[in-house]
2 protein chains.
Amino acid sequence: MTKRKRPPQRRGEAMVGAVLQVTLVQLGVVGFERLSVPEVAALAGVNKTSVYRRWPTKGELVREALASVLGEPPDFVATGELRADLLAWGRGALAFAGSPVGQAVFRALLSADDPDLRPLASELTRTTKGPMGLLTRAVRRGELRPGANLELALSTIAGALLQRLHVEHRPADLAYLTQVVDLVLDGLRR
Amino acid sequence: MTKRKRPPQRRGEAMVGAVLQVTLVQLGVVGFERLSVPEVAALAGVNKTSVYRRWPTKGELVREALASVLGEPPDFVATGELRADLLAWGRGALAFAGSPVGQAVFRALLSADDPDLRPLASELTRTTKGPMGLLTRAVRRGELRPGANLELALSTIAGALLQRLHVEHRPADLAYLTQVVDLVLDGLRR
DNA sequence: CAAAAAAGCAACTTGAAGTTGCTTTAGGGT
DNA sequence: ACCCTAAAGCAACTTCAAGTTGCTTTTTTG
C-alpha cells in the first residue's frame with residue numbers, strides 16, 4: 001500500500017512546461033475566448049491557484065504559450081530552384097498549420113479579439129514572409145523580372161491556403177499547394 | 001412636464017429589427033464569444049427578457065441576425081470584359097468586408113467556434129464563389145483556356161484579400177485589389 | 001534537518017447569464 | 001371610446017464559472 005496521498009508535485013519549469021503545453025492544446029481545441037484557466041490547470045494536473053499566481057490573466061498565459069512556440073519559423077532547405085523551394089516552404093507551412101500548435105496560433109490570432117495578442121499576430125506575419133529571401137534571390141538570378149511584386153505573391157500564396165483551410169474548411173494537400181504556387185508563379189512571370 | 005414614465009415600447013417587427021441590427025453591430029465590434037445578450041438588449045433599448053423570449057440562446061439570435069443579411073450576395077454588373085468584371089466584384093466584396101455587417105460576418109465565421117454557425121459559413125463560401133459565372137463565360141468566349149482552374153483562381157483572390165485584411169491587418173484598397181486580380185489573371189492565362 | 005520557497009487546498013467573493021412571476025403597455029376588435 | 005389579449009417591461013432570484021484568500025503541505029536547498 002503506497003503512502004502517497006497525492007501524486008508528486010510538478011514544480012518550476014516542469015510545471016510551467018506542462019501548463020503551457022496544455023494551454024496550446026486548448027487554444028487549438030476551443031480557441032481563446034472559450035479557454036478556461038481553471039480547466040487548463042486541471043488538465044495539466046496542477047492547482048488553479050498555482051496557475052493564477054504565475055499568470056495573473058488569461059491573456060498573459062496565452063501570450064507566453066504562443067510566444068514559447070512562435071519565433072521558431074519553420075526552416076526549409078533552399079536548393080536555388082525557386083519553384084521547388086517555394087513548395088518546400090509551403091509544405092512546412094501546411095504542416096505547421098495542421099499541427100495542434102498551428103491550430104492554436106491561427107485560432108488565437110485570426111480574429112485577434114484580444115489586444116494582448118496583437119503583437120504576436122505580427123510575429124505570425126513575419127513567419128509568413130519567411131521565404132522572401134527565396135524570391136529576392138530568384139530576381140538576382142534573373143529567374144524573375146526585377147519589378148515583380150514579391151510581397152504580394154507571398155501574401156497571395158499564404159492567403160490562398162488560409163482561405164482553403166479556414167473559410168472553405170477543406171484540406172490543403174500537396175497537390176493543392178502545387179496548384180497555388182504554380183498559379184502565382186505563372187502570374188509573377190507574366 | 002411629460003407624463004410618460006417610460007419611452008414608448010417597440011414591438012413586433014420594430015423590436016426584432018432593432019435587436020438584430022444591434023446584434024450585427026456587436027458581432028462586428030466584439031465578436032461572437034464576447035457578445036452579451038443582456039448588453040444587446042440594453043443597446044437596443046429593449047428588456048433582456050423580451051430578447052430571451054424570442055431567441056432562447058445566443059446562437060439562435062446570432063444565426064438569425066446573420067441570416068437576415070447573408071443570402072443577399074452583392075450584385076455587380078457584368079460587362080463581359082473579364083478583368084473589369086472581376087474588379088467590380090472585388091470592389092463589392094471589399095465594401096462588404098469593410099462594412100459593419102461584413103466585419104460581423106467575418107469575425108463570427110472565420111474561426112467558426114460555434115457549431116451553430118457552421119451552416120452560415122458555407123453560405124459565405126457560396127457568396128465568395130459568386131462570380132464563377134464570369135469565369136465560365138470567359139472560357140466560353142475563348143478569353144481563358146478551357147482547362148483553367150477557375151475555382152482555384154477565385155479562392156486565391158478571396159484568400160489574398162482575407163490575408164491582407166485579417167492577418168496582416170492592412171487596408172485593401174482598389175490598387176491592392178487590382179494587383180491581386182492581375183496577378184491571378186496572368187497566372188490563369190499562363 | 002531546518003528554513004524558505006513553491007504548490008495544494010477548500011472556502012469564499014464576485015459578477016454576468018439566464019429564469020421567474022408578476023405588472024404594465026400597446027393596439028386591434030367590437 | 002372601451003376592453004381584452006398579446007407583447008413587453010421589470011425586479012428579484014438562481015446558477016455557475018472565474019478569480020481570490022488564508023492557510024497547510026510538500027519539495028528543495030543550504
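Chain naming here is simple, since letters A, B, ... match the order of the sequence lines and numbering starts at 1 in each.
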Atom pair distance, as rounded to whole Å: CG in A:N47 and P in D:dT26
14 Å

Which pairs with one or both residues in residues 134-144 of chain B pass side chain to side chain donor-acceptor pair (under 3.5 Å), sequence neighbours excluded?
B:R141-B:E143

Short heteroatom pairs, N/O only, protein and nucleotides 4-6 of chain C, under 3.5 Å:
unit_1	atom_1	unit_2	atom_2	d
C:dA6	O4'	A:R11	NH1	3.0
C:dA6	N3	A:R11	NH2	2.7

Nearest whole Å is fine: how far is D:dG19 P from A:E60 CD?
12 Å

With A:S155 via side chain to side chain donor-acceptor pair (under 3.5 Å) - residues at least two apart
B:E168

Side-chain contact, heavy-atom cut-off 4.5 Å: B:L150 with B:L154?
no

Can you list everything that forms a side chain to side chain donor-acceptor pair (under 3.5 Å) with B:R91? Sequence neighbours excluded, please.
none

Any side-chain heavy atom of A:V51 sitting closer than 4.5 Å to one from A:V40?
no

For A:T49, check side chain to side chain donor-acceptor pair (under 3.5 Å) against everything at least two apart and list the hits.
A:N47

Could you walk me through whether B:R170 and A:E151 satisfy the salt bridge (charged side-chain N to carboxylate O under 4.0 Å, His left out) test, starting with their C-alpha distance in whole Å, then the side-chain angles of each, then the deciding distance to 0.1 Å, before giving a yes or no?
CA-CA 13 Å; B:R170 297 166 69 187; A:E151 199 182 351; 3.1 Å; yes

Check: B:M15 and B:R54 side chains under 4.5 Å, non-hydrogen atoms
yes

Would you tabulate the pairs of protein nitrogen or oxygen atoms and nucleotide nitrogen or oxygen atoms of nucleotides 15-21 of chain C closer than 3.5 angstrom?
unit_1	atom_1	unit_2	atom_2	d
C:dA17	OP1	B:S36	OG	3.1
C:dA17	OP2	B:S36	OG	3.4
C:dG18	OP2	B:Y52	OH	2.8
C:dG18	N7	B:K48	NZ	3.1
C:dG18	O6	B:K48	NZ	3.0

